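Just so you know, these numbers come straight off a predicted model, no measurement behind them. Convention: sequence-line order gives letters A, B, ...; per-chain numbering from 1.
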2 protein chains.
Amino acid sequence: MSVHLLQTATSVLLKDPTASLGDVARAAGVGRTTLHKRFPTRSALVRAVASDALDLIESVSCHVDFSRDDAIEDLMTRLVALGPRVEFLLRFPGLERDEELAARIREMDRPVLDLITRLQGTKLRRDLPAWWILHTLYAGLFNAWEAISDGRLAPLDAPRFVLTTVFEGVSSAGAADRT
Amino acid sequence: MSVHLLQTATSVLLKDPTASLGDVARAAGVGRTTLHKRFPTRSALVRAVASDALDLIESVSCHVDFSRDDAIEDLMTRLVALGPRVEFLLRFPGLERDEELAARIREMDRPVLDLITRLQGTKLRRDLPAWWILHTLYAGLFNAWEAISDGRLAPLDAPRFVLTTVFEGVSSAGAADRT
DNA sequence: ACCGTTGTGAACATGAGTGTTCACCTGCTG
DNA sequence: CAGCAGGTGAACACTCATGTTCACAACGGT
C-alpha cells in the first residue's frame, strides 16, 4: 500500500519534478486527502521518497563485501537493478539543500570512496582523484538508467555496459586485451 | 544587456529550476516588467535560454573539423569550456518536451554520432553502440561541469580528466601504456 | 525643447497548488 | 450490532507565480 504510493510518487516526480500533489495522488489511484494524511506537506513527500531511495541503497550495499577486490563490480551490478527509485536521488532538483539528506548521502558515499582509494593501490589508476572516479561510476549508472527508461538498453545488458565503459573506456585500445 | 540577462537567467534557473521570474529579474538587476517585455512568458524565457545554449554549441562545433581523427578530443575540449550555459540544456527538466528544441538537439547530435560510428572502425571500440558512447561523452562533460562549479576541479584540468576517463577508463590497466 | 524609445515600480486580476476541515462511506473487530 | 480506523470527495481559505496595464522617469536623436 504505502510502498506502492512511494513508488508511484517516485516515477511521477522523476518524470516531472513540478508535478502537483494532485497528479501524484491520481497516478497512485488515491485521493489527494489520503496523500495529505500520509505526507502532510509536499516537502515531506519528497523527503520520504528520497529517504526510501536511501534505504534501498543501504539494503543493497550491506550485501556487498567491501573487502573484496571486485566489490565495485558487485555494487554497481546491484545498483543498476534498482533503477528509477534511486535515480530520483541523483536527479531531483533541490534535494541537496536538505541537510539531513545530504548528510546521509555523504555517509553513503564514504565506504565507496574508501574502497576506491584502497583499490587505487592496485586496479584503479592513481592519476585521478577518488571522488572523480566515484562520480564517473555514478555517471555510468545514470546513463544506464536513462537508456533503459528510453527503451534503448536491455536491463540485463546494463551492468556490462556500465562496467566495461567506466573501467576500460570507449577506446578500442582497452578492448584488445579483452577480446 | 540582453546577453547578460540570458546568462543570469541560465545560472539562476540552473541552480533552482523552480525559481520565479521575480528571482530571475532581481538576479539580473532589472525589473520584472522589463523581463516580461523581453520574454512574454516563462516558457519563452526558458526556450530563449535553451536556444542560446544551442547557438553557443553550434558556434563551437562549426570550428571543429569532423574529418580529423581527433575531432572528438577537440570538440570535448571546446565544450568543457562552455560550462553552465550548456549544462542547462542537459539538465533543465521538461526541456525535451519542446519538440522544436528536441529536434535541434537531435540535429546537433547527428554529426557527432556519425563521427563516432566512423571512428568505431579505428580507435573506438565496436562492442558498444554509438549512442552509448555519445552519452558517455556527455556524462563526462556533465561530471566536469559539476565538479568545476563545486570548486573541486580546476577548469584547465577538466579536458584532460574527461578525455582520459572516457577513452581509457578508470582502470589502471589502460593507464600503463600512457605513463 | 520635443518626442519616441526603453526601463521601472506599483497595482491588479487570475489561476494553480497547497493545506485544512468536514461529512460520508467502507471494512474490520470486539 | 456498535464502534473504530482508514479512505474519499467536496469545499474552503490562503499563498504565490504569473501576466497585464498604467503612469512616470531617463535617455538620445531631431
Novice: Tell me which nucleotide among C:dT18, D:dT20, C:dG19 gets nearest to the side chain of A:T41.
Specialist: C:dG19
Novice: Whole angstroms only, please: what is the NE2-P distance between B:H36 and D:dC22?
Specialist: 16 Å
Novice: Is A:T33 close enough to D:dG7 that one of its side-chain N or O atoms is under 4.0 Å from OP1 or OP2 there?
Specialist: no
Novice: Please determine which of A:E99, A:E58, A:E96 meets the salt bridge (charged side-chain N to carboxylate O under 4.0 Å, His left out) test together with A:R104.
Specialist: A:E58
Novice: Using whole Å, report how far CZ of A:R38 lies from P of D:dA5.
Specialist: 16 Å
Novice: Kindly compute the distance separating OH (A:Y138) from CG (A:D109), expressed to the nearest 0.5 Å.
Specialist: 3.5 Å
Novice: Could you tell me whether a side-chain N or O of B:S171 sits under 3.5 Å from a main-chain N or O of A:E168, the two making a donor and an acceptor?
Specialist: no
Novice: Please work out which residues in residues 9-30 of chain B have a non-hydrogen atom less than 4.0 Å from an atom of DNA chain D and list them by number.
Specialist: B:S20, B:L21
Novice: Taking the nucleotide of DNA chain D with the nearest heavy atom to each, does A:L35 or B:P40 sit closer to the 5' end?
Specialist: A:L35
Novice: Between C:dT18, D:dA17, C:dG7, which nucleotide gets closest to the side-chain atoms of B:K37?
Specialist: C:dG7
Novice: When the distance from CG of A:L45 to P of C:dG17 is rounded to whole Å, what number comes out?
Specialist: 15 Å
Novice: Can you tell me which nucleotide in C:dT8, C:dT18, D:dT20 comes closest to the side chain of B:T34?
Specialist: C:dT8
Novice: Assign A:R32 to base, sugar-phosphate, or nothing according to its heavy-atom contacts below 4.0 angstrom with the strands shown.
Specialist: base
Novice: Quick one: sort the A:F161 and B:W132 rings into parallel, tilted or perpendicular, breaks at 30° and 60°.
Specialist: perpendicular
Novice: So, does A:D157 use its side chain to make a donor-acceptor pair with the main chain of A:A154 at under 3.5 Å?
Specialist: no
Novice: Hey, can you tell me if B:H135 and B:W131 have their rings parallel, tilted or perpendicular (30° and 60° cut-offs)?
Specialist: perpendicular
